[in-house]
Q: 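Sharing a structure below in structure tokens format, with a few things to ask.
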Amino acid sequence: MSQAKVLTEKEVRKVLLYIAARKYAARNRCMFLMTHGSGMRVGEVAALRICDVLNRDGSIREEIRLSADQTKGDRGRTVFLPQKLQQEIQNYLCSRFKLKDLLAVTMTDTSRALFNNQKNPQRGFSASTACQMFHYWYKGANVDGSSHSGRRGFITNLAEKGVSVRVLMELAGHKSLAVTQKYIDVNPKMMRSAVELL
């Protein structure tokens, strides 16, 4: 099986423009950016609940603690959210609940799915359905990508910025460095930066 394609910035923008012109744009934008900004698998994104991202004071968490049943490999892990992604989640939830402040949401059932669907807002999407959604976004935007492109791009982009493979392994939730190394898409820019270190 071939590796998922790492998207260029232009391709990411193209997909975001496609999503913005469709129904449920705020939700879909946030789901898409979760894979690109945190390296989460699509199945992990689909398994998120409101309580996973929302603090009791209505602010967005800096870290998500995924339980073993929310992630691959039967072991939990911590996902670190950059500020940009925290803001995306905030924007999405404010749009979803039509609120400026999310404190009121904390007083409701926050075990509901973070990314709700019309059939079952309590449970949300299955991993399979979420993968299909990503497929349709890429196809609609005429971009060659897969549900794993965001995760692979996250790891490659951090490697390109000099983050060590050991740190990348932990961020990705991999058990071995060899697996993480397979995710890194070596490109001419990385090679040029490497030789300029001399």
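The chain is numbered in sequence order, starting from 1.
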Q: More than 12 heavy atoms of other residues, nucleotides or ligands under 6.0 Å from OH of Tyr136: is that the case?
A: no

Q: Is Ser149 reaching over with its side chain to a backbone N or O of Lys5, donor-acceptor style, under 3.5 angstrom?
A: yes

Q: Are the side chain of Asp57 and the backbone N or O of Ser59 linked by a donor-acceptor pair below 3.5 Å?
A: yes

Q: Could you tell me whether Glu170 and Arg166 have a side-chain N and a carboxylate O separated by less than 4.0 Å?
A: yes

Q: For the pair Arg77 (side chain) and Leu171 (backbone), establish whether a donor and an acceptor sit closer than 3.5 Å, ignoring hydrogens and angles.
A: yes

Q: So, the side chain of Tyr92 versus the backbone of Leu114: is there a donor-acceptor pair under 3.5 Å, distance only?
A: yes

Q: Any chance you could lay out the side chain to side chain contact (heavy atoms under 4.5 Å, CB included) test for Leu48 and Met34, step after step, and finish with the verdict?
A: CA-CA 11 Å; Leu48 288 173; Met34 290 291 286; 3.5 Å; yes

Q: Around atom CZ of Arg22, are there more than 12 heavy atoms from other residues, nucleotides or ligands closer than 6.0 Å?
A: yes

Q: For Gly124, is there any backbone N or O sitting under 3.5 Å from a side-chain donor or acceptor partner on Asn116?
A: no

Q: I'd like to know if the side chain of Arg151 and the backbone of His148 have a donor-acceptor N/O pair within less than 3.5 Å.
A: no

Q: Sub-3.5 Å donor-acceptor pair from the side chain of Gln3 to the main-chain atoms of Lys182, do we have one?
A: yes

Q: Distance-only, no hydrogens or angles: does the Arg27 side chain make a donor-acceptor pair with backbone N or O of Asn117 under 3.5 Å?
A: no

Q: Could you tell me whether the side chain of Gln70 and the main chain of Ala47 form a donor-acceptor pair under 3.5 Å?
A: yes

Q: Would a distance-only check, ignoring hydrogens and angles, find a side-chain to backbone donor-acceptor pair under 3.5 Å from Thr110 to Thr106?
A: no

